[in-house]
Every structure is written in structure tokens, then in C-alpha cells.
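Just so it is clear, the model here is predicted, and its values are computed rather than measured.
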Amino acid sequence: MEQAVQRMKELVNQLNEASRVYYQGQDEVMSNYEYDKLYDELTGLEEKTGIVMAASPTVHVGYETISELPKEPHIAPMLSLGKTKEVPELVSWLGEQQGILSLKLDGLSIILTYENGRLAKALTRGNGEVGEVITNNARTFVNIPDRISFTGTLVIRGEALIRYSDFEELNAKTAEISEKYKNPRNLCSGSVRQLNNEITAARRVRYYVYNIIMSDYEKEFETKKEGLDWLTGLGFDVVPHKLVKRADLTEKVEEFSTEVVSCDLPSDGLVLTFDDVAYSRTLGRTAKFPRDSIAFKWQDELADTTLREIEWSASRTGLINPVAIFDPVELEGTTVSRASVHNISILKELKLGIGDTISVYKANMIIPQIYENKTQGDTCVIPEICPVCGEKTEIVNENNSVVLMCVNPDCYAKKIKMLSHFVSRDAMNIDGLSDATLEKLINLKLLHSLPDLFSLGQYKDILVEIEGFGEKSFENLMEAVEKAKDVPLAKVLYSLGIKGIGLSTAKLIVTAYPLPLSKMNELTVEQLCEIDGIGEVLAQSFVDYFGKEENQQIVTELEKILRIQYPEPTGEQPLEGKTFVITGSLARFENRRQCKEQIEALGGRVAGSVSAKTDYLVNNDITSQSSKNKKAKELGIPIITEEDLLSILNAGQ
């Protein structure tokens, strides 16, 4: 069973990645034939095991927006744990019992309930007595089963989290500093409590089980390890854990302390619990804590050192971060000499001054931090000018923290960000301009604004002398710049870096209003809000951008340089409101992307899975017993061939 579940998870990841690449218009990673072959294998395994992962392409998770999260009491109090930082105390606590030592994951505690083999309810911990209902959000968690083979009632507790690797990638894609999150836990907390579960789905939340709260059908286990193994067989990911006894507990703690350094799961310690279920039940609980488990917090290795400097590091977003520079010290096997102070609020709280004696440590044994300031000189001066451009700075409040910003729109740190986005692959796609190269061009005063990118050819003598550039690089760059001039209007809008306006949103705008670029400033918030999928915040962001004189000048210049491909006015949209699902191999279209584009050109929508909202399933093999065909037949949705689709498309033109 475990091998089948593991294979299912591999297939879900492969198929979802193929779909993501396909629908973003990138080079396909597999043919239609290969996709369908893997899809059928997944369907067969789901039928055989009775397990269906929530992220499976065979499952359609309906996105919805609600006004508030309802609340509901837990079937049993969700208690916190007693804590220690001393390994000998752990050893004494365990005594002669066998225990389970597991990572204490740093996320959000979530309780899931399964009924009749289906996910029925998800609750946050809340205040321990009453939690918030987040069931539809939980259905978007990357790795939980939507259906399991156990058909009784099952209530489990686990941790919802966002892995470090996913957190870094998500934050890297967020341009505005006010929208960035400081750590995975903050992002996870905000993600699972969204009123729109489509946002939750984009955040890649995962779930790791660590306890069975209740199961019926007399499903009893003598040990908690047996229960965790059973959950693994049902398709759940369980918390990383090790069986321990008094004799090897210290050794196992050391093993975890080594492993956590490279672990992708955020954690802030360990949890030790008795393995014997019957013994645990005899212990009961205090008013605050269960007596069968205890948390172990990492004993941070502290080192005293002397603060030598506060370095103010300007980012490409305009935020200027304070960084503490101190005499080098050894921590957790490495030498450290600097630590981020994050913002002015923390700088003031620590009362830092040059020459102060500070204690430093590695948070979670990884990130250097200041633990305390023993002398509290409080003499650090907040710079009044930006270290990058020399213009005035401004102290502002962002997300309840006081931060320092450079408000100069011409600061080249900001210019790098703006230009880097403009030339990126999904925008103008101009190869050969890395951030480092852009920085050199700005320093040489060859680049001031976006239109300047298209006049770099006049500086050939300078460019070929730049280290790492040369004649061939110059020729490649000129070719890329010329190629970029032929560009759809939607890509130009996206390239401008308007806050909140992604490529899909830009396409919606130009489809509804195919105006010349320089006329976009005539659109109002009310007009933009009439477009399905655009709300007031995005509309206002768009209007604000085009309302600025300097931005209007940029788009007017770009309009003269670029050969912009403007869409024809849509007029009547005969397929508006119609939803299609495409499956199987295609003969008359080059690929599914081409088929999708033709449907969308007539106002239709293409979805990835069959649901009650689907109008047509396109499949040349109408007699196929695939899951999509079966679902369509169950819902009474017409299954049409490629020829039928072409007839519909031709009739709409």
C-alpha cells in the first residue's frame, strides 16, 4: 500500500507540473499521449487503493470567496505542551517507557475530520476550545488525501506549514516589500485563514499529521507508532519521527539537531510523547498541558561579541535594512560576523550602539540573530540619506513595524528592480541583461528609464568593454532587443510592473479595452471593475499608475518604439459563459494550448477538470472509460469530439 501511495504522489506532482507548464504557454514537458498514460495510471491506483490526494488532477476543488470564517467547538480541548530546554530533563521524563521523538513543526495546528472516506471538516486550533472552519481551504493543501480507504470517522491533528524552499520562491515573486512575509509561519497563518481559497491554493500549504484524536469502527492501536504507520498507508504525510528509549534518547536528539540544519520543514524544537496508547490515557492532563507529551526547545548556542557597525543595506524595493556587523564568533560550527536587525522597531528595542556587547545566536540553528544587548548604548543613528542614491530617506510604518525607505523614484536600487522585471522572460523577454549587468549600465549612466533599453546600440564601444560582455554578447543583446519590439499589448502592460497586475490580469484588461497604450490613462476604476476577475484594489492600482505624468511619458515613448500587437475589439463573444475541458490526444490542433486559445478568443473558458460548471468535455474517444468521461456522464455533460468543437468554433466566428 505504501508503495502505491508513494507512486500516486509522484504522479500527482508530475501531472500538475505538466499542466502548470502547459497552461502558462511554456514548452510542454510531455506529450498528450504521455500525460494521458500517467493520468490513467493515477486513476487506476486511486480506484485500487481508495485514496485520492486533494491535489490530484482527477479532483476539482471549487474556488469560492466567503464573507467570514465560521467557528465551531473542538470535540476535545486542543492543549499546548509543557516545555524544556534540557536533554537530561527529557531523559528523566521518559523514564523506562518507549517514546516517539518528532520534529516540533513551526506552522499552524489544524484538525481534520474524515467521514465515509471523505474530508468533511477542517478546524484551526483557535483558542483551544473553539476553532475556525477552513474546510474548503484545507482541500487545497498540496499533500492531503481528499478521499481515503477508511470509511469510518477519523479525526487527526497535524501541522499546516509552508516549506522553506516554497517560501523563498513565493517571496521572490512578490515585488512589493509590504506584501512580503518575514517567515514561513506568518505566510502559512495568513494562507489557511483566507476568505478566498484560490489564494490558499497558490501558497503551497502542506500538512503533516502527528496525532490521531479519534477513530471509530474499533480502529484501535496499542502504540502511537502503529497509528502513524496506518496514517501513512492512507496517504498522509506524518511528522518526521524516531522511536526512542532512555538509553538512546540523547543520541536521537543529537541526530535531529544535525538534520534540522538542512531540513526543508520549518521547526522550532522537538516533541517527545509516550508510545504506549493505554499508558498515555492513564496520565490525563493538567488545566493547560497533556501529561503524555513534552516539547523540547533547542538550547541556543550563545556567543558574546562587540558590535562594530550598523550597515544600512538598500534593497531593490526601496526598503533600507539595518544589518549588525560584529567581531567574528563561532556558532553551531560556523563563523558569523553579521546579523540582520530587520527594521527600526527592532533596532530601537535592542537599544544598539557601536561598541556595545551583544549576545548572538542562530535562530533554529540557522539564521544569525541578536539575542540581547548587554550594554544598551542606544547611540545608533538612522541615516537621513539613502546609501545608494544619496537622496532623503523616510521612516514609514509597514505591517505594524517601523521601517526606513528610500522614496527617491530615481534611486538605482529601485531602477534595477523595475528594469529586471521589464526584461524578464514572462515580460519583454530580453536575454543578456542580468541584474549585475543592469547595475553596471545604470552606474555608467546608460540607463535611466525603460525606453533607454532600446537605444543601447549607440553605446557599443562602451558595452563591449564591460567585463564579461564582449562583441558576441553585444550582438546577442541587440538581437534580443529587436525581437522584443514585436510584443502583444498584454505583455507590455505586465512588463510595466504595475502593482498587482499580473499577465493574466493584463490579458483581461486588453481583451475588454484594446486601447492604444498611451490611451490607457482614460480608463476609470468603474470601467475596470466591470471586467470579471478585477476588483477595486487592482483597478485603483492600474488607474494610479497611468495617472502619474512620468509613467504616461514612459508609455508614450514605448508606444513609439515598440511594434505593439493590439487585439481586435472583441464585439460579440458567442462562447461567453461556456466552460470546456480538453482531454485525450488532439489531431486538428498542434497542442492543447492552441485549442485553448481559440476557445478563449471567442469568450469561452478552459478548465482543468470536469465539474457541474462544465458545459462540454472535448475528447476524441467518446467511449473511453477515463475518469473525466465517467464524471461527465454522471453529470449529464456533453462529450464532444474535436470535429464537434471545430463546428462550434466555426459557428461562433
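Taking the side chain as every heavy atom from C-beta outward, S191 and I199 never approach each other to under 4.5 Å. Looking at heavy atoms from C-beta onward, I599 lies in side-chain contact with L645 at the 4.5 angstrom threshold. Counting heavy atoms from C-beta outward, V271 and I294 have side chains that stay 4.5 Å or more apart.
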Salt bridge (Lys or Arg N to Asp or Glu O under 4.0 Å) evaluation trace for R7 with E41: CA-CA 10 Å; R7 177 56 180 163; E41 181 186 352; 2.9 Å; yes
Audit row: R163, R204, side chain to side chain contact (heavy atoms under 4.5 Å, CB included) steps and yes/no: CA-CA 8 Å; R163 301 181 306 182; R204 307 180 200 170; over 6 Å; no
Full working for salt bridge (Lys or Arg N to Asp or Glu O under 4.0 Å) between D166 and R206: CA-CA 10 Å; D166 289 328; R206 296 172 186 270; 3.7 Å; yes
Stepwise side chain to side chain contact (heavy atoms under 4.5 Å, CB included) test for V133 and L123: CA-CA 5 Å; V133 180; L123 287 176; 3.5 Å; yes
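Residues passing the side chain to side chain contact (heavy atoms under 4.5 Å, CB included) test with D276 are Q97, A278, Y279, sequence neighbours excluded. Scored by the side chain to side chain contact (heavy atoms under 4.5 Å, CB included) test, V5 finds M1, K9, I51 as partners (sequence neighbours excluded). Residues that satisfy the ring-ring contact (aromatic ring centres under 6.0 Å, His included) test with F589, not counting sequence neighbours, are absent from this structure. Not counting sequence neighbours, K245 has no partner by the salt bridge (Lys or Arg N to Asp or Glu O under 4.0 Å) test. Judged as a ring-ring contact (aromatic ring centres under 6.0 Å, His included), and not counting sequence neighbours, Y210 has no contacts.
K224 pairs with exactly one of D229, D275, D292 by the salt bridge (charged side-chain N to carboxylate O under 4.0 Å, His left out) rule, that one being D292.
Here K631 does not pair with E634 in a salt bridge; the nearest charged N to carboxylate O distance is not below 4.0 Å.
Scanning all heavy atoms of the two residues, the minimum distance from K225 to I100 falls at N-CD1, 3.6 Å. Nearest approach of Y208 to L265, heavy atoms of both residues: OH-CD2, 3.5 Å. What you find for N619 and I639 is that their closest heavy atoms are CB-CG2, 4.2 Å.
Judged as a ring-ring contact (aromatic ring centres under 6.0 Å, His included), the pairs with a partner in residues 72-93 (not counting sequence neighbours) are, in order, W93-F274.
Between F150 and W230, the two ring planes are perpendicular [angle over 60°; tilted spans 30° to 60°].
Ring-centre distance between F256 and F296: not below the 6.0 Å cut-off.
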